[in-house]
Amino acid sequence: MTYDGIIIGAGHNGLILQAYLCRAGLDVVSIDRCEVSGGGLATIENSRQPGFRHDTHAVFHRALNTMPWYRDLELERRGAEYIEPELNVAMLLEDGRTLEWWTDLDRTAESFARLSAADAATLRRWHDDFVPIAEKILIPEATSPPLPRAQRRTILENSPEGRKLLEVSALSPLQFVRREFEHPAIQAGLLFFNGLREVDMRVEGFGHHIAFLLASPAKAQLCRGGAAQLARALDNAVMEAGGVIRTSTTPKRIIVENGRATGIETTEGEVIRARKFVASSLDPHQTFLELIEKEALPAPWRKMAREFEYNLLAPLFSLNLCLDEAPKYTAAGYPEQIDRAFMVIAGLDHVDQYSEIIRHHEAGTIPPTVMWGTCPTRFDPSQAPDGKHTAFMWEKLPYALNGDPTGWDAIKDMHGEAMLSTWTRYAPNLADAVIDRFTRSPLDVERDFPNMRRGDLLIGAFTNGQIGADRPFAGAGRYRGHIEGLYVCGSSSHPGGNITGLPGYNAAQVVLDDFGIEADWTPPPIASRLTAL
Ligand SMILES: Cc1cc2nc3c(=O)[nH]c(=O)nc-3n(C[C@H](O)[C@H](O)[C@H](O)COP(=O)(O)OP(=O)(O)OC[C@H]3O[C@@H](n4cnc5c(N)ncnc54)[C@H](O)[C@@H]3O)c2cc1C
């Protein structure tokens, strides 16, 4: 078979790229080793408990329905729908108090004020200062192919918003939080969000991330029917535009002829040809080292791919429950409304806990439990049989347990039991409500999706060398992969992982531009937008 283009990996980034290219008239196939497309947009039905559906990967989708591709690809019309609970996040403190993030800033500030009036004022100040920076710089940057680092700095230095951003960015998230906020639980809560986005809180260059979170209108949302509903809507967008999605198809190699990527050979020996391009949404190790023959790629590129780093703190362990009733957080006298919180964080009280968590990750051992999760069926009853519920908790745990990831297979159920007993301390009714449960370890994540190497669900650390135009590494940061006709479009590219769809969206801008195809949806070039500030 011959197509204009082949996309390896039909996760959401691959599908978004494919949908845009097919709508522009290209004939594109995506291939995926799994039986279903969607990657991290995965919803499974419990095989022992029919009717109970679990999202085994991405659940909290940040402001998905405001994404440009969500609108352009008309995903709502194709079956996606989002719920945004008002009490977006609640952090349960040991003493019965809570720290709350609401969709309404005033209510969030009230909650901060119950712990520290000074911190509530700081929250408002950073919110107000950063709203224009988010709107004029950070959001446009995330939705555009990135500028080279030096050019970006030069442009930003010319505007007050740009200078403010550069000044805050120079800090690490930890330095920012310690400098600006006083209450240890508030500091811990803010760094938790930073950690959720997997930015190493110790690394300078990322101090603006927390201010951005404070200013961002983007709140956590739940996909009605489960995350896979978004994947099915994306499938529809691709197929309605004439695209082909081939699941259970694994590439053995990317064919490179006369310095051009011209197709792939599958592990079954089938050859699929590409007239114009091959795009990979996988991690750099698979794309550049495993799928491209050594002779086809210069040694410096192989070296950069080899040295690409994954997040130490990203891997997640999950405990998933089928329940007779939803968790009731009554243990320490939490206010009743906490049961309406979308994301619940438990076990985190003080900023100093992070150093302990990092130490355990470095040693490959299990830290004291800090966990977070939700009960999706409180907001979307369709995910369980009538009157029943699902719930889960995640915990950040090391990939290589005592140096060996396979160690998880022997102890994961035991660890799940320990997590359940901690969870029950906060929500005592769980003691009698559990119908069934299962756990998934960081190794299970990598087994399902080998691109989430070492269980890194963001598919690449955010360090100074791996961001913006240098993500995944210098030379490949604008979605082009050295070999003519080769592109990259997954979470290892700007702006990174999570369900944002932006690597795929930005890659579509580059591919269409390279092939001289005009698209009415592309935003104006980022350099001109930033220069205009
Ligand atoms: C436990 C867990 C919880 C998470 N929770 C959230 C959350 O709440 N919110 C959020 O935004 N994000 C969350 N994430 C992260 C999110 O799932 C990923 O960052 C996101 O899916 C990355 O999207 P992608 O399209 O780049 O890659 P993926 O979704 O990983 O898609 C890549 C695709 O490539 C395929 N593939 C891999 N290797 C090959 C190969 N060799 N050949 C062919 N196909 C291949 C895979 O099968 C997959 O379909 C979570 C992840 C995990 C593991």
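Throughout, residue positions are numbered sequentially from 1 according to the sequence presented. When a ligand or atom number is given, it counts from 1 through the structure's own listing order.
Between Leu41 and ligand 1 there is no heavy-atom distance shorter than 4.0 Å. Not a single heavy atom of Ser318 sits closer than 4.0 Å to an atom of ligand 1.
The contact set between ligand 1 and Cys34, taken as ligand atoms under 4.0 Å from a residue heavy atom, comprises 47 (O). Here is the list of ligand 1 atoms found below 4.0 Å of a heavy atom in Pro251: 42 (N), 43 (C). For ligand 1, the atoms lying closer than 4.0 Å to a non-hydrogen atom of Ser491 are 22 (C), 23 (O), 24 (P), 26 (O). Interface of Gly9 with ligand 1, defined as ligand atoms under 4.0 Å from a residue heavy atom, comprises 33 (C), 34 (O), 35 (C). Near Val445, with a cut-off below 4.0 Å to any heavy atom, the atoms of ligand 1 are 53 (C). Within ligand 1, the atoms closer than 4.0 Å to a non-hydrogen atom of Met452 are 17 (O), 18 (C), 21 (O), 30 (O), 53 (C), numbered from 1 in the order shown. Residue-ligand proximity, Phe449 to ligand 1, at heavy-atom distances under 4.0 Å covers atoms 46 (C), 47 (O), 48 (C), 49 (O). For ligand 1 and Gly39, the ligand atoms under 4.0 Å from any heavy atom of the residue are 29 (O), 31 (O), 48 (C), 49 (O).
Between Leu15 and Ile245, the closest side-chain pair of non-hydrogen atoms falls below 4.5 Å. Taking 4.5 Å as the limit, every side-chain heavy atom of Trp102 sits out of range of all side-chain heavy atoms of Asn88.
Seen from the ring of Phe462, Arg471 counts as a face-on cation partner, given the 6.0 Å and 45° thresholds.
Checked against Glu290 for a salt bridge (Lys or Arg N to Asp or Glu O under 4.0 Å), the options Arg253, Arg306, Arg453 give a single hit: Arg453.
Ranking protein heavy atoms by distance to atom 39 (C) of ligand 1, first place goes to Arg33 CD, 3.4 Å. The nearest protein atom to atom 48 (C) of ligand 1, hydrogens excluded, is given as Asp32 OD2, 3.3 Å; this is a heavy-atom distance. In terms of protein heavy-atom proximity, atom 38 (N) of ligand 1 is nearest to Gln286 NE2, 3.2 Å. Looking from atom 11 (O) of ligand 1 to the surrounding protein, the closest heavy atom is Ile499 N, 2.7 Å. In terms of protein heavy atoms, atom 1 (C) of ligand 1 is closest to Thr56 O, 3.7 Å. In terms of protein heavy-atom proximity, atom 12 (N) of ligand 1 is nearest to Asn498 OD1, 2.9 Å. In terms of protein heavy-atom proximity, atom 18 (C) of ligand 1 is nearest to Leu457 O, 3.2 Å. With respect to atom 6 (C) of ligand 1, the closest heavy atom belonging to the protein is Ala58 CA, 3.2 Å.
Relative ring orientation between Tyr82 and His61 is described as tilted, the plane-to-plane angle lying within the 30° to 60° band. Taking the six-membered ring where the residue is Trp, Trp394 and Phe392 present tilted rings, their angle falling between 30° and 60°. Classified by interplanar angle (parallel below 30°, tilted 30° to 60°, perpendicular above 60°), the ring pair Phe342/Phe60 is perpendicular. Using the six-membered ring where Trp is involved, Phe52 and His54 have ring planes that are parallel, under 30° apart on the 30 and 60° scheme.
By the 3.5 Å distance cut-off applied to N or O atoms, Val59 is counted among the residues near ligand 1. The distance criterion of under 3.5 Å between nitrogen or oxygen atoms is not met by Trp394 with respect to ligand 1. In terms of N/O distances under 3.5 Å, ligand 1 is approached by His12. For the pair Leu282 and ligand 1, the shortest N or O to N or O distance does not fall below 3.5 Å. Taking distance alone, with nitrogen or oxygen atoms compared against 3.5 Å, Pro450 stays at or beyond that limit from ligand 1.
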Practice task
Could you give me the CA-CA distance, side-chain angles and deciding distance for Phe130 and Phe212, then say whether ring-ring contact (aromatic ring centres under 6.0 Å, His included) is met?
Solution key: CA-CA 6 Å; Phe130 248 65; Phe212 182 28; 7.4 Å; no
Practice task
Might you work through the ring-ring contact (aromatic ring centres under 6.0 Å, His included) test for Tyr310 and His285, ending with a clear yes or no?
Solution key: CA-CA 11 Å; Tyr310 297 87; His285 282 84; 5.4 Å; yes
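Between Asp514 and Arg480 there is a salt bridge, since at least one side-chain N of the basic residue sits less than 4.0 Å from a carboxylate O of the acidic one.
The main-chain N or O of Phe317 is never found under 3.5 Å from a side-chain atom of Ser441 such that the two would form a donor-acceptor pair. With hydrogens and angles ignored, the 3.5 Å screen pairs no side-chain donor or acceptor of Trp408 with any backbone N or O of Ala400.
The two residues Gly14 and Ile7 come nearest to each other via the heavy atoms O-CD1, 3.6 Å.
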